[in-house]
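All values reported here derive from a predicted model rather than from experimental measurement.
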Amino acid sequence: MRTLSLLVALLPLAACVQPAPPGPTSLPLMGGYRNPADPCRRVGEDAFTNQFLDDAADLVACPAGMENMGVFITETAARRLTDAAGYTMFSVPRR
């Protein structure tokens, strides 16, 4: 009975929680970031990515779970922003 009372008390709160909006299914990817064969790509501007753009940094997307992600972060001083469309997005400062 106590469990049922707790569930009934929490039900109004559950109605207030809204699910996160779905992310994009694709990103405006351009050429390889460090070289043409690089799996990390520069990201262009669209309705989703414009919130991450910075005039002092490049917006870069690497495949989620990329094996050498740590090397990329170390070499470029990248700052992780979010995951979207199967990619992890980074802000990479221009030197």
**Asked** In chain order, what residues pass the side chain to side chain contact (heavy atoms under 4.5 Å, CB included) check against Pro93, with sequence neighbours excluded?
**Response** Ala77
**Asked** By ring pair (Phe, Tyr, Trp, His ring centres under 6.0 Å), which residues pair with Phe90, not counting sequence neighbours?
**Response** Phe72
**Request:** Would you give the length of the straight line joining atom CD of Gln51 to atom CG of Leu81, rounded to the nearest 0.5 angstrom?
**Result:** 9.5 Å
**Asked** Can you list the residues that meet the side chain to side chain contact (heavy atoms under 4.5 Å, CB included) rule with Ser26, with sequence neighbours excluded?
**Response** none
**Fill in**
Tightest non-hydrogen contact, residues Pro63 and Pro39, listed as CD-O, 3.4 Å
**Asked** Should Phe52 and Tyr87 be regarded as members of a common hydrophobic cluster, given that ILVMFWY residues are connected when their side-chain heavy atoms come within less than 4.5 Å of each other, either directly or indirectly?
**Response** yes
**Item:** Residues forming a side chain to side chain contact (heavy atoms under 4.5 Å, CB included) with Ala64, sequence neighbours excluded
**Value:** Thr88
**Message:** Once side chain to side chain donor-acceptor pair (under 3.5 Å) is applied, do any residues pair with Thr76, and if so which ones, sequence neighbours excluded?
**Reply:** none
**Message:** Quick check for you: to the nearest 0.5 Å, what is the distance between Met89 atom CE and Phe48 atom CZ?
**Reply:** 5.5 Å
**Message:** Using a 3.5 Å distance criterion without hydrogens, assess whether the side chain of Asn35 forms a donor-acceptor pair with backbone atoms of Asp38.
**Reply:** yes
**Item:** Partner set under side chain to side chain contact (heavy atoms under 4.5 Å, CB included) for Asn50, not counting sequence neighbours
**Value:** Glu45, Leu53
**Message:** Applying side chain to side chain donor-acceptor pair (under 3.5 Å), can you list everything that pairs with Tyr33, at least two apart in sequence or on another chain?
**Reply:** Asp58
**Asked** Is the backbone of Gly44 close enough, under 3.5 Å, to the side chain of Thr49 for a donor and an acceptor to pair up by distance?
**Response** yes
**Prompt:** Would Leu59 end up clustered with Met30 when hydrophobic side chains under 4.5 Å apart are linked, directly or stepwise?
**Reply:** no
**Request:** Just grab all the disulfide bond (SG atoms under 2.5 Å apart) pairs involving residues 41-81, residues at least two apart or on different chains.
**Result:** Cys40-Cys62
**Prompt:** Mind checking whether Val43 and Val60 sit in one hydrophobic cluster, side chains of I, L, V, M, F, W, Y counted as touching below 4.5 Å?
**Reply:** no
**Fill in**
Closest non-hydrogen atoms of Ala84 and Leu27, given as atom of the first, atom of the second and distance, are O-CD1, 3.8 Å
**Fill in**
Contacts satisfying salt bridge (charged side-chain N to carboxylate O under 4.0 Å, His left out) that involve residues 65-77 (not counting sequence neighbours) are Arg34-Glu75
